[in-house]
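Since the structure comes first, as structure tokens, the remarks are kept for the end.
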Amino acid sequence: MSNAYDAIVIGAGMSGLAAAIRLAMFDRRVVVLERHDVWGGLNSFYQFRGHQFDVGLHAMTNWAPRGAKGLPLSRLLKQLRIRHEELDLHPQGYSAVSFPGARLRFSNDFELLRSEVARAFPAQADGFDALTRAVRGFNELDLEAPQQDARPVVRRFITDPLLQDMLFCPLMFYGSAREHDMDWDQFVVMFKSIFLEGFARPAAGVRHILKLLIRRLREAGAELRLRTGVSRLLVEDGAARGVVLDNGETLMAGAVLSSAGLVETQQLAGGASLLPGQQPQAGRLSFTESISVLDCPARNLGIEETIVFYSDRLPFAYEQPRDDVDVSSGVICMPGNFDLPEPPRDHLVRITNMADHGRWAALGHGPEYSAAKQRWYAKSCAAAVPHIADFRPHVTLVDTFTPRTIRRFTGHAGGAVYGSPRKLRTGRTGIDNLYLIGTDQGFLGIVGAALSGISMANRWVLQGSGE
Ligand SMILES: Cc1cc2nc3c(=O)[nH]c(=O)nc-3n(C[C@H](O)[C@H](O)[C@H](O)COP(=O)(O)OP(=O)(O)OC[C@H]3O[C@@H](n4cnc5c(N)ncnc54)[C@H](O)[C@@H]3O)c2cc1C
């Protein structure tokens, strides 16, 4: 049977778009299939009462200055042939981790965090330097490296539990599918991308990045089909041969790259485990996020930070909440506090908290759901204001999304933003020609997910062809 396509990519999120661009650049016939009517996946955009909002974007991690070599962002740009200036990136001012009794500032200059640790935790300064050397020396791109837990490794260098938690908090909030601990390689990825490299943002938000990717995709000649869900994979003799769409149409291909997630792709494959001998679970971590529009810049209220990661609870608990939402910790982002060339159109405060998908799903679609959103918005703001100036009197409009929204728009089981706790680092599944890309391959965020798509396309589809 001849293949209509060399590769089918499931999902037009960051990983799917990047994988398809890379394949099409080398003249592979490739189609991206996206169930929704817009691209971007978890990092998309929408319009709400005349305002343009990003779905997920707080910050692009992995900041790299123009001309830097060997960093993830530089690799991404090189592989997709995008010039640094095309991204229109503007670095953060500074951010903070705010815990009871301690506050650490950090920026895209790692020395700030180093000096803050030495100021607030003088007895830990040498340990922090040693931890940083261990992180720098670890090759997170070795996909075959054995898994180990991060907390015991970090404890070898940092003996103060408060500082341990303050380091884990941003890394977990921005990328851990696991509760309570992270895999060490994931800790390294996140430490590098947040503390050693840092945050930046295009002035126009995620739309700008997506516009660039879609343009590259079209230039390279890949096909993109929106409103085109994949209902199942065609598997014959242990190999993926193509997909069946929601409308019953069949598409054949030499390879299928799926960004739908490990558990979700397994369901598409008829339920047989993609990890022979193991039954991966859906992730338990989901989030609520509120977007408050202010009548003035956050800086006018004395809020200088770009992002604040906070916890009021010690020890910091990164776990599925026992209530609808856990406001005892969270992330507060002021997108207007990046070093932007001109003031943004909207002055925003975004707050993210951990939330339980099951509880939100049980609320139904009526007034109960709206009332719960309002109630938790009020609680979330009340918990945030000890960590930043009180912005509440200046709020003119609010939009909130919940785990249910994430489930609905990305198909991720349980609204699990960071996917399954079990990652498939090689991308290779128990079914031939079927590969995982994106979050459940283990690289996430905008840069990580895009690099995941690129590296899996290179390794499993282009490999051996000299490209
Ligand atoms: C609230 C929130 C805040 C975030 N903040 C940031 C941030 O500030 N900075 C950052 O870098 N990252 C952030 N992220 C994370 C980032 O968005 C993700 O890590 C990244 O976008 C994941 O990309 P992906 O390609 O792996 O998967 P996804 O974005 O999940 O893309 C998968 C796509 O596949 C589609 N799909 C699934 N199943 C099917 C099917 N059967 N048929 C067809 N299509 C299907 C989905 O509709 C989706 O579009 C945030 C995420 C959220 C939710």
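These values consider heavy atoms only, across backbone and side chains, with no hydrogens, waters or symmetry-generated copies. For ligands, and for the atoms within them, numbers begin at 1 and follow the listed sequence. Numbering starts at 1 and runs along the sequence shown. As the structure is a prediction and not an experimental result, all values here were calculated from the model.
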Option among F168, Y174, F195 that satisfies the ring-ring contact (aromatic ring centres under 6.0 Å, His included) test with F187: F168
Residue R66 excluded, over 12 heavy atoms near CZ under 6.0 Å: no
Plane angle bin for F287 and Y318 - parallel if under 30°, tilted between 30 and 60°, otherwise perpendicular: tilted
side-chain contact (heavy atoms from CB on, under 4.5 Å) assessment of F199 paired with T61: CA-CA 5 Å; F199 298 140; T61 57; 3.7 Å; yes
Atom pairs, nitrogen or oxygen, ligand 1 to protein, under 3.5 angstrom:
residue, atom, partner, partner atom, Å
ligand 1, 5 (N), G56, O, 2.8
ligand 1, 8 (O), H58, N, 2.7
ligand 1, 8 (O), A59, N, 3.0
ligand 1, 8 (O), A59, O, 3.1
ligand 1, 9 (N), A59, O, 2.6
ligand 1, 11 (O), I446, N, 2.8
ligand 1, 12 (N), N43, ND2, 3.4
ligand 1, 17 (O), N43, ND2, 2.8
ligand 1, 19 (O), G445, N, 2.8
ligand 1, 25 (O), M14, N, 3.4
ligand 1, 25 (O), S15, N, 3.0
ligand 1, 25 (O), S15, OG, 2.6
ligand 1, 26 (O), T439, N, 3.0
ligand 1, 26 (O), T439, OG1, 3.0
ligand 1, 29 (O), L42, N, 2.7
ligand 1, 30 (O), H412, NE2, 2.7
ligand 1, 41 (N), R35, NH1, 3.4
ligand 1, 41 (N), V230, O, 3.0
ligand 1, 42 (N), V230, N, 2.9
ligand 1, 44 (N), R35, N, 3.2
ligand 1, 47 (O), E34, OE2, 2.6
ligand 1, 49 (O), E34, OE1, 2.6
ligand 1, 49 (O), E34, OE2, 3.2

Heavy-atom side-chain contact between Y5 and L23 under 4.5 Å: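 A side-chain contact under 4.5 Å is absent here.
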All N/O donor-acceptor pairs, side-chain side in residues 409-418, below 3.5 Å, sequence neighbours left out:
residue, atom, partner, partner atom, Å
T410, OG1, I406, O, 2.8
T410, OG1, H412, N, 3.2
Y418, OH, F173, O, 2.6

